[in-house]
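Here's the structure, in structure tokens; my notes come after.
First the proteins, then the strands, lettered A, B, ... as listed; each starts at 1. What you see below is based on every heavy atom in this structure, not just the backbone, and it leaves out hydrogens, waters and symmetry mates. As the structure is a prediction and not an experimental result, all values here were calculated from the model.
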Number of protein chains: 2
Amino acid sequence: MTVSKSAEKTAEKSSEKPADAAKGRKDAGEPQAEALQLGELSEQLGYVLKRAQLKVFENFLRCMASLQLTPAQFSVLLLVEKNPGRNQTEIASTLGILRPNFVAMLDNLESRDLCARIRSTNDRRSHILVLTDKGKAVLARAKKLVATKHEARLNDLLGQANREALIEMLSKIANEF
Amino acid sequence: MTVSKSAEKTAEKSSEKPADAAKGRKDAGEPQAEALQLGELSEQLGYVLKRAQLKVFENFLRCMASLQLTPAQFSVLLLVEKNPGRNQTEIASTLGILRPNFVAMLDNLESRDLCARIRSTNDRRSHILVLTDKGKAVLARAKKLVATKHEARLNDLLGQANREALIEMLSKIANEF
DNA sequence: CGATATTTGATATGGTCCATAACAATTATC
DNA sequence: GATAATTGTTATGGACCATATCAAATATCG
């Protein structure tokens, strides 16, 4: 398993598109040092899983270029919307984000006026998280982009039924492996 | 999408197991600030894909603890075995590893006597990669561990047919998305 | 009550992985 | 034979992840 990340912010960074080790040639009749054999690699769950994940994230970022939302940021907005009134620790740990690393993430979202920290009156240690009006609006647009440009593409590629089966299997792995 | 990495080398680093935001309690009858709702998050391809990938890598590392092989290292050994006589650039780019980052990886494998760099006589710039005898032996053991402890677990979880369907769908995403 | 322990958000820090620029040695191209 | 391209390499910076530690606030318990 390996494969680099590529395509971060908005643009496409060249990086190292796997599976074309030698240039982008169009089948010209030259020596052309034959392509490498992947062999058992293409059957390795981890390998193919990682590759697929990178492609999906890459596509997600492209779809979200206009809103400048990363997958992680999107997940935070989704979770805060669904669970208003929770504090940083709860939101972060549910997403598997360590609290120290969540601080900068929130600083970013808050500086863009997408969400806000509110000192809880019950427990003045904790910061209650809420979406701002702008945050709600942006999230709504984000959801549409994801649905029409991102998830829709999976349906085209796999078909509705297979798409659902895939998500279910991945969930099973994520939860029970 | 998010979820931290956890479990790196051999041991289990606590980290932040998602989906149990509040302690590990056994259903005691206390206030117990209800669990958060994942909502649409659980249907997001990227989210579930990333989570599954982390779990699979985590399990892979556990299975390989005795051999101290990471997924990336395993993929390199597999590819070199399948394609003897190739140079660093070819192996690296096929795996999506950038050449500069491949150097340290090879330094590691070579220092453990798992593979070797050989100056090519045709082109004295390039280093031909080959597995050492020890490398072949370790890879053989690694394959067995992967088959019996890693991939087998997927069969138990999904069933043979589903497992194959999953790999196929992921490959499709990795190649055509 | 008051001492101690725990929790929350935050900072600092180190590790790993990924990406780009630049370089010397070698080879290809013209 | 001068110039361009390729290979392995180093240096470097960024993104992400993980741990230790801290002050403030709260909980716990004698």
Side-chain angles (χ1 to χ4, degrees), chain A residues 1-9 11-18 21-23 30-31 33 50 53-54 57-58 61 70-73 75 86-93 95-108 110 117-129, chain B residues 1-9 11-18 21-23 30-31 33 50 53-54 57-58 61 70-73 75 86-93 95-108 110 117-129:
Chain A
M1 309 47 177
T2 307
V3 181
S4 55
K5 259 199 308 188
S6 76
E8 265 307 22
K9 312 287 175 173
E12 296 242 17
K13 322 228 174 168
S14 65
S15 91
E16 258 339 281
K17 310 287 175 58
K23 303 300 181 47
E30 286 158 37
K50 176 88 182 185
Q53 184 258 311
L54 288 173
F57 269 45
E58 195 181 317
L61 289 169
T70 68
Q73 291 168 336
S75 71
R86 298 304 189 127
N87 64 25
Q88 294 184 199
T89 296
E90 293 171 312
I91 298 293
S93 80
L95 291 173
I97 302 174
L98 294 169
R99 287 172 305 278
N101 299 327
F102 196 47
V103 174
M105 250 189 100
L106 275 185
D107 288 347
N108 180 334
E110 203 173 21
R117 296 183 238 225
I118 303 178
R119 290 224 93 93
S120 168
T121 51
N122 308 329
D123 186 338
R124 286 175 28 220
R125 286 171 299 187
S126 55
H127 290 169
I128 297 307
L129 299 182
Chain B
M1 312 40 176
T2 307
V3 182
S4 53
K5 259 198 309 187
S6 76
E8 265 309 26
K9 310 288 174 175
E12 295 243 17
K13 321 226 172 167
S14 63
S15 92
E16 264 329 288
K17 310 286 176 59
K23 304 299 181 49
E30 287 158 35
K50 177 86 182 186
Q53 184 258 310
L54 289 173
F57 269 44
E58 195 181 318
L61 288 170
T70 67
Q73 292 168 336
S75 70
R86 299 303 189 128
N87 64 24
Q88 294 184 198
T89 297
E90 292 171 312
I91 297 293
S93 79
L95 290 174
I97 303 174
L98 293 169
R99 285 171 307 277
N101 299 328
F102 196 47
V103 174
M105 250 189 100
L106 275 185
D107 288 346
N108 180 335
E110 203 173 20
R117 296 182 239 223
I118 304 178
R119 291 223 92 93
S120 168
T121 50
N122 308 330
D123 186 340
R124 286 179 23 224
R125 287 172 298 187
S126 55
H127 290 170
I128 297 307
L129 299 182

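- Atom CG in A:Leu98 sits about 11 Å away from atom C1' in D:dC16, given to the nearest Å.
- With values rounded to the nearest 0.5 angstrom, B:Met105 atom CE is found 13.0 Å from B:Glu110 atom CD.
- Scanning all heavy atoms of the two residues, the minimum distance from A:Ser75 to A:Ala72 falls at OG-O, 2.6 Å.
- Atom OG1 in B:Thr89 sits 5.0 Å away from atom CZ in B:Arg99 (nearest 0.5 Å).
- Nucleotide D:dG8 holds its C1' atom 16 Å from the CD1 atom of B:Ile118, rounded to whole Å.
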Go through the steps to decide whether A:Leu106 and A:Leu129 satisfy the test side-chain contact (heavy atoms from CB on, under 4.5 Å), and finish with yes or no.
CA-CA 9 Å; A:Leu106 275 185; A:Leu129 299 182; 3.7 Å; yes

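- Rounded to whole Å, atom P of D:dG8 lies 8 Å from atom CD1 of B:Ile128.
- Residue B:Leu54 contributes atom CG, which lies 14 Å from atom P of D:dC16 at whole-angstrom precision.
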Every protein N/O lying under 3.5 Å from an N/O of nucleotides 9-12 of chain D:
from  : atom 1 : to       : atom 2 : distance (Å)
D:dT9 : OP1    : B:Arg117 : NH1    : 3.3
D:dT9 : OP2    : B:Gln88  : OE1    : 3.0
D:dT9 : OP2    : B:Gln88  : NE2    : 3.0
D:dT9 : OP2    : B:Arg117 : NH1    : 2.6

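- The distance between atom CG of A:Asn108 and atom C1' of D:dC16, rounded to the nearest whole Å, is 14 Å.
- Note: B:Leu95 CG to A:Lys50 NZ = 13.0 Å, rounded to the nearest 0.5 Å.
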Pick out the pairs of N or O atoms, protein on one side and nucleotides 26-30 of chain C on the other, that lie under 3.5 Å.
from   : atom 1 : to       : atom 2 : distance (Å)
C:dT26 : OP1    : B:Arg124 : NH2    : 3.2
C:dT26 : O2     : B:Arg125 : NH1    : 3.3
C:dT27 : OP1    : B:Arg124 : N      : 2.9

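- For the pair A:Met105 CE and C:dG9 C1', the interatomic distance rounds to 16 Å; values are reported in whole Å.
- Between A:Thr89 and C:dG9 there is a side-chain polar atom (N or O) within less than 4.0 angstrom of OP1 or OP2.
- By the side chain to side chain donor-acceptor pair (under 3.5 Å) test, B:Asp107 pairs with B:Arg117, sequence neighbours left out.
- For A:Arg125, the salt bridge (charged side-chain N to carboxylate O under 4.0 Å, His left out) criterion is met by A:Asp123, not counting sequence neighbours.
- Computed from coordinates, the B:Phe102 CZ to C:dT20 P distance equals 18 Å when rounded to whole Å.
- Taking atom CD1 of residue A:Ile97 and atom P of nucleotide D:dC17, one finds them 8 Å apart after rounding to whole Å.
- To the nearest 0.5 Å, atom NE2 of residue A:His127 and atom CZ of residue A:Phe102 are 12.5 Å apart.
- Taken to the nearest 0.5 Å, the CD1 atom of B:Ile128 stands 7.5 Å off from the CG atom of B:Asn122.
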